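Beneath this line is the structure, given in structure tokens, with notes to follow.
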Amino acid sequence: MTVPPDISVVIPTYNRRDILSLTLPTVLKQDLAPERREVIVVVDGSTDGTIEALRDAVFAQAKVIEQSNAGVSAARNAGFRAARGQLVLFLDDDMICDPSLLRRHLDAHVGEENRLIVMGEIQLSPRSYPGLMTEWRHDSERRWLEEVRAGPADEWWQALRFAHASASRSLLMEAGGFDESFRFGDEEIEFGVRLARVGVRPRFIRDLVVWHVYRKSISEFMCFDVPCYGRSQLLFCRKYPQYRNRGLLRNLQAGSPLKARVRELLTRSSVSPDHLLQIPFGITSALSGIPAMRRAAMKLLDHRHTIGIYRGAMEAAGSWKKLREEVGMRLPVLLYHHVGRAHRGAYPLLTISPERFEEQLKWLERHGYTTIRAADWIAWCRFGSPLPPKPVLITFDDGYEDLARHAFPALKRHGMTATVFIVTQCVGRTNEWDTGAWALLPLLSEAQICEWAAQGIEFGSHTRRHPDLTTLSPKQLETEIVGSSKELEHILGTPPKVLAYPFGSLNADVSGCAARSFDLSFTIEAGINSLATDRSRMYRLEILPHDNLVKFATLIACGYRPLMESRKRTAIRSRFRAAARRILRLDVA
């Protein structure tokens, strides 16, 4: 009876005969005894003579599996299912190995009870094509992996690269193997999600190195690889909608309206923008000896890659409209406090007259906006639940009693809804946190909260006593945030999903604590929300008493107040010039 090997190496390949002739000998030449290892090469429908080349005597030790072209996932599945070794090491066909690679992978799994996946480093081989494309590809991949490895430990699967990784064959079978609908791109992280779910632990060994022979041209990468990545990213988003904010597609409509519009035009263009970007790239790459030109060339490669991803995803979605519905929705969140008559002694910038509020609701109606609740945005972010074409979220901080007399009836007349943030220890009382500074005004009672919650108004937390959360100890912070959630749940019967930070004050400790108790947390920082927005730091647009419809429309369109921003920049420049003059005077003295 033949004794099975300890480790099987699986190498999928497609039309890479020349590179395989360079890399495969290094896989076959290992310091591990031949009977303890096997090498399986899966030829995925190659048409470049790969099969004929593998018949050479130098490759006699390799087992060759030939299949029609079905993609890298199908090739890897065919390879590890045919493997006889208890441990399977996956390598890409363009990896050069040290003689000790297989032995070191075996050593890394000793005593681990088959629940481990070992990942090693991938370095750029000097046998790669020289040039900016090769450097950019490796630099961008390195930056991404470092970012993931520095992030939450339970998201390790984002860094999984089966170009160089090993795991037990039984574990691969238990997790179900690769999803073969991912023909090329994101098949690794998709499998990583399922491996994590069955309790796999990662081990990254930095000095366990293979050498990547990168020989793709820019046109080959941009025209073939990148659109495939876009299609695969959308497929991943559809399969795991809760992870849609992890990949490049999250940025489709992120940032300022101008940037979002430019991305839309480039993505929807009937002529590929890559053809236009080739011209400035050719100029900057020719002058790459100049540091500024080199940086510009690298930036252009970033743009070409990103737009190619979006266009590939749009092709898979079927249209720009469908792609936007899946990953590109934008959400302006309006921030109000009082709606009613101005009160003597109250802070003057917090009160909107009922007439102006109604006027603004009518404007939203005329321009096709549909109000949603925070829970609707959460459902879209997590599960891909549909949203109206132009969603808007109306929020009220503090929960003043005049909302029940003016704001809620107006919303009801227009078939709209809103989210109100309640200071739970002050329900039915007054804004006691303003004592000694501003007039004390009545707040909504428990009965009013329950009444309007039953009519579709959403209620969230504004903490227990409205403190500046950044001034609290960890224990006090927990009491304010978690305590407010429990108290509001006692009133409503269900736990609230959202929080607004009092005074908009937060830091990493505050947002971290909020994220553990709430699905969304809102700042007072201006901006338009997208899939890329940190859900513990949601943007809002504060509506002021003097905002006429022009200002109101401009704020929603831009995500900020252009005039105010201009004044800020002018003030900053003035302060900078004044400081420079003072420094010059000191130097002269």
Side-chain angles (χ1 to χ4, degrees), residues 329-339 350 352 357 360-361 364 369-382 385 387-388 390-404 406-424 426-427 443-446 448-463 466 481 484-485 487-489 491-504 506 514-515 517-530 533-543 556:
M329 299 300 290
R330 287 170 64 81
L331 179 68
V333 181
L334 310 184
L335 167 58
Y336 297 89
H337 288 78
H338 296 281
V339 175
L350 299 186
I352 302 291
F357 182 67
Q360 291 167 355
L361 296 185
L364 291 172
Y369 284 93
T370 303
T371 58
I372 65 170
R373 298 176 300 169
D376 299 319
W377 183 253
I378 295 167
W380 179 75
C381 289
R382 287 189 168 179
S385 301
L387 286 172
K390 294 177 71 174
V392 62
L393 174 59
I394 296 175
T395 68
F396 299 93
D397 279 6
D398 305 334
Y400 289 97
E401 188 272 341
D402 56 15
L403 298 178
H406 301 292
F408 297 162
L411 290 166
K412 188 174 182 180
R413 284 193 298 274
H414 292 275
M416 296 182 174
T417 187
T419 301
V420 184
F421 296 104
I422 300 296
V423 182
T424 55
C426 298
V427 170
L443 302 176
L444 293 168
S445 65
E446 283 194 23
Q448 288 172 313
I449 291 171
C450 292
E451 175 191 352
W452 285 100
Q455 298 186 56
I457 299 296
E458 181 182 46
F459 289 89
S461 168
H462 207 29
T463 70
H466 202 288
I481 290 179
S484 71
S485 178
E487 290 170 357
L488 198 52
E489 181 180 2
I491 295 172
L492 297 170
T494 56
K497 298 178 180 293
V498 291
L499 166 85
Y501 301 109
F503 310 109
L506 74 155
S517 296
F518 296 96
D519 295 322
L520 292 180
S521 299
F522 292 83
T523 68
I524 58 171
E525 183 179 350
I528 306 292
N529 299 284
S530 70
T533 305
D534 185 340
R535 294 174 202 164
S536 64
R537 305 177 74 100
M538 294 285 288
Y539 303 119
R540 289 195 288 177
L541 306 172
E542 187 169 14
I543 309 303
I556 292 176

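Keep in mind that the numbers below use all heavy atoms, side chains included, and drop hydrogens, waters and symmetry copies. All residue numbers refer to positions in the sequence shown, counting from 1. What you see is a predicted model, and the numbers here were worked out from it, not measured in a lab.
- No side-chain heavy atom of Gln455 sits under 4.5 Å from any side-chain heavy atom of Phe408.
- Nearest heavy-atom pair, Ala407 versus Phe396, reported as atom, atom and distance to 0.1 Å: CB-CZ, 3.9 Å.
- Between atom CD of residue Glu487 and atom CD1 of residue Ile422 there is a gap of 12.5 Å, rounded to the nearest 0.5 Å.
- Counting heavy atoms from C-beta on, the side chains of Trp377 and Val333 never come closer than 4.5 Å.
- Side-chain contact between Leu411 and Ile457: present, with at least one pair of heavy atoms (C-beta onward) separated by less than 4.5 Å.
- For the residue pair Leu506 and Gly504, the shortest heavy atom distance occurs at CD2-O, 3.3 Å.
- Between atom CD1 of residue Ile372 and atom CD of residue Glu458 there is a gap of 9.0 Å, rounded to the nearest 0.5 Å.
- At a threshold of 4.5 Å between non-hydrogen side-chain atoms, the residues Lys497 and Leu520 do not count as touching.
- Nearest approach of Glu489 to Pro496, heavy atoms of both residues: N-CD, 4.1 Å.
- Residues Tyr400 and Val339 fail the side-chain proximity criterion, which asks for heavy atoms closer than 4.5 Å.
- A distance of 10.0 Å separates SG in Cys381 from CG in Asp519, rounded to the nearest 0.5 Å.
- With Arg540 contributing its side chain and Thr523 its backbone, the two residues share a donor-acceptor pair below 3.5 Å.
- One distance of note links CD1 of Ile394 with OG1 of Thr417; it measures 8.5 Å at 0.5 Å rounding.
- Contact detail for Ala453 and Leu492: the closest heavy-atom pair is CB-CD2, 3.9 Å.
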Q: Applying side chain to side chain contact (heavy atoms under 4.5 Å, CB included), run through Leu335 and Phe522 and close with a yes or a no.
A: CA-CA 10 Å; Leu335 167 58; Phe522 292 83; over 6 Å; no
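- In this structure, the side chains of Arg537 and Asn529 stay at 4.5 Å or more apart for every pair of heavy atoms.
- Using a distance-only test at 3.5 Å, with no hydrogens or angles considered, no donor-acceptor pair links the side chain of Thr533 to the main chain of Arg535.
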Inset, instruction - For side chain to side chain contact (heavy atoms under 4.5 Å, CB included), just list the numbers for Ile481 and Phe518, CA-CA rounded to whole Å, side-chain angles, deciding distance to a tenth of an Å, and then say yes or no. - result: CA-CA 9 Å; Ile481 290 179; Phe518 296 96; 3.6 Å; yes
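- We find the CZ-CG distance between Phe357 and Leu403 to be 8.5 Å, quoted to the nearest 0.5 Å.
- With a 4.5 Å cut-off on side-chain heavy atoms, Leu361 and Arg413 do not count as touching.
- Closest heavy-atom contact between Ile528 and Pro332: CD1-CB, 3.8 Å.
- Phe421 pairs with exactly one of Asp398, Leu499, Val498 by the side chain to side chain contact (heavy atoms under 4.5 Å, CB included) rule, that one being Val498.
- If you run side chain to side chain contact (heavy atoms under 4.5 Å, CB included) between Leu334 and each of Val392, Leu393, Thr371, only Val392 comes through.
- Annotation for Met329 and Pro388: closest pair CE-O, 3.1 Å, computed over non-hydrogen atoms.
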- Show your working on side chain to side chain contact (heavy atoms under 4.5 Å, CB included) between Phe459 and Leu444 and close with a plain yes or no. CA-CA 11 Å; Phe459 289 89; Leu444 293 168; 4.1 Å; yes
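- For Lys390, there are no side-chain hydrogen bond (donor to acceptor under 3.5 Å, both in side chains) partners two or more places apart in sequence or in a different chain.
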Handout entry: side chain to side chain contact (heavy atoms under 4.5 Å, CB included) between His406 and His338, intermediate numbers included
Key = CA-CA 9 Å; His406 301 292; His338 296 281; over 6 Å; no
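- A distance of 15.0 Å separates OG1 of Thr395 from CZ of Arg373, quoted to the nearest 0.5 Å.
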